[in-house]
Trainee: 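Pasting a structure below so you can have a look.
What you see below is based on every heavy atom in this structure, not just the backbone, and it leaves out hydrogens, waters and symmetry mates.
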Amino acid sequence: MIKYISVLAFMLTGLAGTVSAQDARLASGKALYQENCASCHGSNLEGQADWKIRLPNGRLPAPPHDESGHTWHHPDRVLVEIVNRGTAAIVGGGYESDMPGFGDVLSDEEVIAILDYIKSTWPARARNAQAKITQGDEEARK
């Protein structure tokens, strides 16, 4: 009996460490988001007003990253590329955007932490849909 209790205690300690590491990663992602993204995409991931309507300069306002936006429609690979290189570099074809690349500012690990934070705010439906999109993208690239 004592052996089983010891094993259970060990397993719970490991699980608590994992939860704490995950919580720390999300907290880091949130802080990085607030520092690097919130000025355009909103402190609450709400984006800029009328984000689907072009501005007088022809560019679109910053979209929301909550479930009302389209962030969850993209695979992880594309999201990382957009953050690293900027929207115009990914879309191509002369597309203009105010979204700069952050590849010289943020590490890939920091970008992924930001994306993990953003995803953590979505309802399960959006998280699951985005995970399937990412999985399909990964399988297509094999």
Trainee: Look up atom CG in Leu26 and atom NZ in Lys119, then write down how far apart they are to the nearest 0.5 Å.
Mentor: 11.0 Å

Trainee: What distance separates Thr134 OG1 from Arg127 CZ, expressed to the nearest 0.5 Å?
Mentor: 13.5 Å

Trainee: Looking only at side chains, do Asp76 and Gln130 share a donor and an acceptor under 3.5 Å apart?
Mentor: yes

Trainee: Hey, are the side chains of Asn36 and Phe102 touching, using non-hydrogen atoms and a 4.5 Å cut-off?
Mentor: yes

Trainee: Say you draw a straight line from OH of Tyr33 to CG of Leu115; how long is it, rounded to the nearest 0.5 Å?
Mentor: 11.0 Å

Trainee: In the structure I gave you, are the side-chain heavy atoms of Arg25 and Asp116 within less than 4.5 Å of one another anywhere?
Mentor: yes

Trainee: State, with a plain yes or no, whether a side-chain heavy atom of Ser28 is found less than 4.5 Å away from one of Leu32.
Mentor: yes

Trainee: Do Ile114 and Val83 come within less than 4.5 Å of each other through their side chains, counting heavy atoms only?
Mentor: no

Trainee: Would you give the length of the straight line joining atom CH2 of Trp122 to atom OG1 of Thr71, rounded to the nearest 0.5 angstrom?
Mentor: 6.0 Å

Trainee: Hey, are the side chains of Leu45 and Pro64 touching, using non-hydrogen atoms and a 4.5 Å cut-off?
Mentor: no

Trainee: Within the structure provided, determine whether Leu55 and Pro61 are in side-chain contact (heavy-atom separation under 4.5 Å).
Mentor: yes

Trainee: Once the angle between the rings of His70 and His73 is folded into 0 to 90°, is it parallel (under 30°), tilted (30 to 60°) or perpendicular (over 60°)?
Mentor: tilted

Trainee: Which atoms form the tightest heavy-atom contact between Glu110 and Val105, and what is the distance?
Mentor: OE1-O, 4.0 Å

Trainee: For Asp104, look at atom CG and say whether over 12 heavy atoms of other residues, nucleotides or ligands are found less than 6.0 Å away.
Mentor: no

Trainee: Tell me the closest heavy-atom pair linking Ser68 and Trp51, and the distance in Å.
Mentor: O-CZ2, 3.7 Å

Trainee: Take Glu67 and Arg125, measure what salt bridge (charged side-chain N to carboxylate O under 4.0 Å, His left out) needs, and give me the verdict at the end.
Mentor: CA-CA 9 Å; Glu67 70 173 306; Arg125 176 190 52 76; 3.0 Å; yes

Trainee: Looking at Ile133 and His74, what are the two nearest heavy atoms and their distance?
Mentor: CG2-C, 3.9 Å

Trainee: Please round to the nearest 0.5 Å and tell me the distance separating atom OG of Ser43 and atom NE2 of His41.
Mentor: 12.5 Å

Trainee: Taking all atoms of both residues into account, what is the closest heavy-atom pair of Ile118 and His65, and its distance?
Mentor: CG2-O, 3.4 Å

Trainee: SG/Cys40 to CG/Asp98 distance, rounded to the nearest 0.5 angstrom?
Mentor: 7.5 Å

